[in-house]
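Protein chains get the first letters and strands the later ones, always in sequence-line order, with residue 1 at the start of each. What you see is a predicted model; the values in this text were computed from it and never measured.
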Amino acid sequence: MDYNHRSIEQKWQKFWAENQTFKTAESTDKPKYYVLDMFPYPSGAGLHVGHPLGYIASDIFSRYKRLKGFNVLHPMGYDSFGLPAEQYAIQTGQHPAITTAVNINRYREQLDNIGFSYDWSREVRTSNPDYYRWTQWIFMQLFNSWYNKDAGKAESIDTLIDKFNNSGSQGINAESDEDTSVFSAADWKVFSEEEQQRELLKYRLAYLRESTVNWCAALGTVLANDEVINGVSERGGYPVEQKKMMQWSMRITAYADRLLSGLDNVDWPEPLVEMQRNWIGKSVGASVIFPLSHKRGIEVFTTRVDTLFGVSFVVLAPEHELVEVLTTDEQRLAVESYIEKTAKKSELDRMADTKSVSGVFTGSYAKHPITGDDVQIWIADYVLAGYGTGAVMAVPSGDQRDYVFAKHFNLPIIPISDSQNIEEQADPNKNGKYINSDFINGMTYQEAVPVLVAKLEELKLGKAKVNFRMRDAIFGRQRYWGEPVPVYFKNGMPYLIKEEELPLLLPEVDKYLPTETGEPPLGRAEGWKYQDQYEYELSTMPGWAGSSWYWFRYMDSQNQDIFVSKKAVDYWKAVDLYIGGSEHATGHLLYSRFWNKVLKDLGFHQEEEPFKKLINQGMIQGRSNFVYRVLDDEGKGTNQFVSLGLKDQYNSIPLHVDVNIVYNDVLDTDKFKTFRPDFADAEFILENGKYICGTEVEKMSKSKFNVVNPDDIIETYGADTLRLYEMFLGPLEQAKPWNTNGIEGVHKFLRKVWRLFHDAQGNFNVSDEKPTKAEYKALHKIIKKVEDDIERFSFNTSVSAFMICVNELTDLKCNKRQILQDLIIVLESYAPHITEELWTLLGNEAGTISYATYPTFNPEYLVESEFAYPVSINGKMKMNLPLALDLDAKAVEEIVISNADVQRYLDSKAVKKLIFVKGKIINIVV
RNA sequence: GCCUAGGUGGUGGAACUGGUAGACACGCAGGACUUAAAAUCCUGUUCCCGUUAAGGGAGUGCGGGUUCGAUUCCCGCCCUAGGUACCA
């Protein structure tokens with residue numbers, strides 16, 4: 001019988017499902033290993049061949065770990081709340097839950113076709129009430145917590161209330177809003193309920209506050225910073241404006257330091273770690289106050305407090321709160337027109353236009369904090385309201401932007417270091433000794449900073465300060481298809497509903513659009529009131545809510561009492577290996593770490609970081625094919641198409657052609673005629689009898705006719721071939737175009753594996769004879785190679801090694817059971833269907849190969865390894881025979897192997913000759 | 001501008017701590033089997049010189065350096081991809 005992938009794959013997929021082969025239980029006699037994929041949003045388009053890349057890699061790793069004796073948790077689910085289903089609902093009126101269910105079924109079908117070893121009994125769907133009740137429950141924990149800086153962790157809000165009751169606001173060291181009140185314990189006790197709640201809200205980790213948000217009118221919702229790219233929405237590319245609104249936010253800034261330091265303890269790709277570091281944006285510096293004659297001074301943040309004596313002016317952002325009071329009557333007209341002008345500039349323009357210098361003098365002066373000299377106060381839009389204090393001290397000699405500004409407006413440029421060269425541009429170097437700098441003259445950078453900070457602290461005009469770029473995360477979305485926030489309002493203050501009232505179900509609405517009065521879609525739900533009288537929160541949670549804790553739910557997905565039991569989380573702890581795309585670097589991966597830390601602080605688990613090791617699979621791009629339509633004299637398309645190599649001899653235009661009717665860039669001309677009606681009578685100008693298509697790498701999309709559906713590949717070549725080929729395509733982490741050319745080679749390999757077990761007539765034929773040395777050598781090479789490759793996630797090289805191994809065994813005509821059985825165990829993780837089939841043909845019990853024992857590598861079978869221990873030559877040099885050895889070239893001529901042991905060893909192996917390459921022994925011929 | 005990764009045949013890519021560069025696969029060329037095709041198998045395939053051959057030379061983006069020896073390490077430059085940006 002020939003290798004028939006269709007029947008084999010269907011048979012085993014059915015078997016695995018019926019027998020729950022991959023159902024995972026907690027086990028005490030095996031070590032645990034948790035392999036997680038980033039779960040997909042089930043879109044209507046289904047999977048293309050790019051999507052499963054990471055899933056295949058994680059499945060290989062999971063299966064390998066099982067063979068290595070680990071109890072592996074490898075689950076899958078769906079991130080099923082989201083915008084596309086809602087927009088589809090707006091257009092068609094169909095409930096998003098229905099669309100979502102249809103899409104999920106389609107995804108499941110496609111995933112099953114690939115033969116993954118997921119434990120589907122643990123599946124989660126974020127839009128399922130059984131799931132989102134716990135998302136809501138976690139929101140409650142955040143609402144009921146505050147960050148105690150003294151303890152360095154989040155605590156229950158009750159501990160804060162106790163402190164207020166005992167000693168008022170005194171001695172509270174918390175992450176909070178900036179406008180917290182100062183009060184005594186007695187004050188607190190006489191506060192009204194509403195006043196108390198208002199105050200507590202300023203401390204909660206999930207809080208409601210008026211804040212400037214990214215408002216996207218086209219989507220009718222606010223967006224988080226990471227959902228806004230270059231001033232337009234990430235989804236849809238609609239314009240985004242800044243707007244003040246009451247909004248739910250998450251106090252992620254409380255965790256800025258821990259989010260930063262935690263990055264040192266995870267095994268993540270360096271670019272991703274860098275992205276998170278940049279996003280958090282820690283700057284160590286000082287805050288300095290420039291006093292004003294009779295008001296509170298201007299506070300600025302600087303990372304170069306040492307340049308304080310080089311300050312020649314102060315610049316405020318146009319939105320700065322002091323602009324109004326600082327503008328003198330003479331300057332008022334100029335200032336107002338400048339502010340108006342910058343307000344008109346969109347975020348995009350402001351970013352694009354970084355060349356031109358603009359600004360305006362307020363007419364007012366501040367005092368230099370140390371010298372007391374007058375310092376001009378300017379307004380300019382190069383200072384951002386949203387970063388630091390929205391004001392900067394300008395040091396033209398040390399900062400290029402300040403330099404350009406000073407030159408443009410003819411402001412003084414004061415050199416402050418004897419090593420500065422400021423003829424052409426600012427010079428920020430820290431190497432010299434200070435000049436023009438009062439009491440730090442002659443000091444170095446290291447000496448000056450502490451002296452200055454101490455002086456500023458003494459004057460109460462500054463202190464060392466750490467500033468973060470990261471802002472709190474906006475949490476509310478004015479959308480329908482998301483988790484309802486489990487909150488109702490009484491006297492304008494938010495209160496949680498009771499835990500036993502969870503889940504707060506998403507109410508039915510007649511339409512999925514905002515209401516006429518501009519309320520979110522939930523405002524349409526009729527009679528939707530808490531206890532029939534209190535207004536519920538009408539916004540829903542953002543897309544990232546459900547995905548910020550889902551790895552916990554897989555550990556204990558059926559638990560009705562808690563989001564994850566102590567027992568389950570103590571066993572599974574954290575994700576050992578997480579595979580997914582790098583597009584989640586500053587969204588999902590940051591929020592997940594944040595929630596993980598909060599839940600740890602509140603005592604629900606022990607792990608500071610949720611994802612120990614992380615791999616970004618590279619994106620698979622599309623590879624488009626083109627035909628070239630010949631144009632007539634008037635430039636109109638004819639029915640003639642010219643092959644790639646001859647196109648320069650004609651006037652032609654390229655047209656996308658469906659990649660599924662092109663093989664190795666040769667067009668199937670018959671299929672082309674049915675591709676589009678107007679191609680029915682197409683004529684071809686061929687080269688060497690073939691029509692060759694052009695190619696280009698582009699994003700995979702329907703409009704470019706370059707989408708390849710995994711189902712089609714599986715139908716033609718099988719899931720095992722698809723799995724091997726996706727790995728064979730190149731390094732996992734590298735972006736690469738999909739190209740079906742070459743898949744034949746991988747398929748051919750599987751047929752060769754099949755033939756090792758069968759004779760020329762196709763009958764199963766395996767021998768129980770003892771294998772030869774050469775056969776053992778071929779086997780043990782692959783045992784070692786695959787083990788090494790998988791441990792370092794180099795799956796592509798394993799596939800090549802398998803091919804070499806099978807070619808060797810074929811040449812040796814090896815059909816020995818002892819060899820072949822171990823071979824298919826090694827191959828199981830890559831090609832589970834064919835190996836399962838061969839495993840049972842060998843007489844083993846069905847379903848057990850996945851839990852077989854990975855064969856032990858024995859170096860004795862590798863000739864090389866017989867030499868693989870260090871020896872010395874001439875009594876001093878170490879070498880690993882027969883590999884290279886380190887020795888002085890001049891000595892090579894007179895090489896004597898003086899070490900008697902080595903000489904004896906070489907003699908005993910009947911060494912015929914030592915191969916020298918340019919003075920080095922690089923190999924030994926036995 | 002800054003950060004990160006990378007640059008190897010016609011193509012995808014190997015070469016794990018410096019040690020015979022181009023494994024493996026695709027493609028291409030030639031051949032075997034076949035009435036023919038498919039399938040399968042064999043041979044060749046970095047480039048240049050050399051009639052085949054023997055043989056020689058060059059070669060891992062470019063220019064230098066360290067080394068007996070560099071795709072690998074160091075310095076300078078060019079290019080590509082991803083990220084980020086008046087962040088004070």
Side-chain angles (χ1 to χ4, degrees), chain A residues 2 229-230 269-279 281-283 285 300-304 307 315 317 350-357 380-384 386-395 398-402 404-405 428 467-470 582-583 585-586 616 618-619 621 623 664-666 688 695 724-725 728-731 733-746 748-749 751-752 755 760 785 788-789 791-792 794 796-805 807 810 880 882-892 915-923:
Chain A
D2 274 349
I229 314 284
N230 287 335
E270 198 50 39
L272 204 135
V273 170
E274 257 328 280
M275 271 190 250
Q276 290 218 346
R277 284 204 185 106
N278 289 339
W279 186 262
K282 182 177 185 173
S283 302
V300 303
F301 174 75
T302 177
T303 54
R304 290 295 302 273
T307 63
V315 191
R350 212 160 141 173
M351 277 193 286
D353 181 23
T354 59
K355 299 276 182 314
S356 64
V357 183
D381 65 0
Y382 79 85
V383 177
L384 305 177
Y387 182 76
T389 60
V392 302
M393 59 181 224
V395 184
D399 182 287
Q400 186 58 22
R401 287 158 313 179
D402 298 343
V404 172
F405 196 85
N467 202 41
F468 290 95
R469 196 181 79 107
M470 184 169 67
S582 59
E583 66 273 20
T586 50
N616 289 132
M619 215 211 302
Q621 299 132 309
R623 186 174 182 277
N664 283 323
D665 299 332
V666 177
N688 304 325
T695 63
L724 281 161
Y725 188 58
F728 182 68
L729 220 43
E733 306 202 51
Q734 184 179 304
K736 50 203 168 272
W738 174 265
N739 185 352
T740 308
N741 302 352
I743 196 167
E744 293 277 356
V746 170
K748 211 183 283 180
F749 156 74
R751 284 204 300 266
K752 284 183 186 170
R755 278 205 303 272
K785 176 73 175 156
D788 289 351
D789 282 351
E791 299 283 357
R792 64 191 173 105
S794 175
N796 56 327
T797 50
S798 280
V799 181
S800 294
F802 276 124
M803 291 177 177
I804 296 169
C805 175
N807 284 342
T810 304
N880 278 318
L883 301 174
L885 69 141
D886 251 342
L887 72 168
D888 193 33
K890 283 132 209 157
V892 167
I915 298 179
F916 286 75
V917 170
K918 293 179 184 168
K920 289 289 145 96
I921 297 174
I922 60 129
N923 211 343

* Structure fact -> To the nearest angstrom, the CH2-C1' distance between A:Trp279 and B:C87 comes to 13 Å
* Asked: Is B:U46 paired to anything, Watson-Crick or G-U wobble with both distances less than 3.5 Å, and if yes, which nucleotide?
  -> B:A58
* To do: For A:Asn467, report the nucleic acid contact type (base, sugar-phosphate, nothing); a contact means any heavy atom under 4.0 Å.
  => nothing
* So what does A:Glu733 hit on the nucleic acid, given a heavy-atom distance under 4.0 Å: a base, only sugar-phosphate, or nothing? -> nothing
* Any side-chain heavy-atom pair from A:Val746 and A:Met803 closer than 4.5 angstrom? -> yes
* To do: Give the rounded distance in Å between these two atoms: CD of A:Glu274 and P of B:U4.
  => 6 Å
* **Watson-Crick/G-U partner (both atom distances under 3.5 Å) of B:U11** => B:A25
* Asked: Within this structure, what is the CZ-to-P distance between A:Arg277 and B:C2, rounded to whole angstrom?
  -> 20 Å
* **Mate of B:U20 where both pairing distances stay under 3.5 Å, Watson-Crick or G-U** => none
* Asked: Do A:Phe468 and A:Trp279 have ring centres separated by under 6.0 Å?
  -> no
* To do: Report the distance from atom CD of A:Glu744 to atom P of B:C41, rounded to the nearest whole Å.
  => 12 Å
* Asked: Between atom CZ in A:Phe749 and atom P in B:C24, what is the gap in whole Å?
  -> 14 Å
* Asked: Taking atom C1' of B:U11 as reference, at what distance in whole Å does atom CG of A:Asp665 sit?
  -> 9 Å
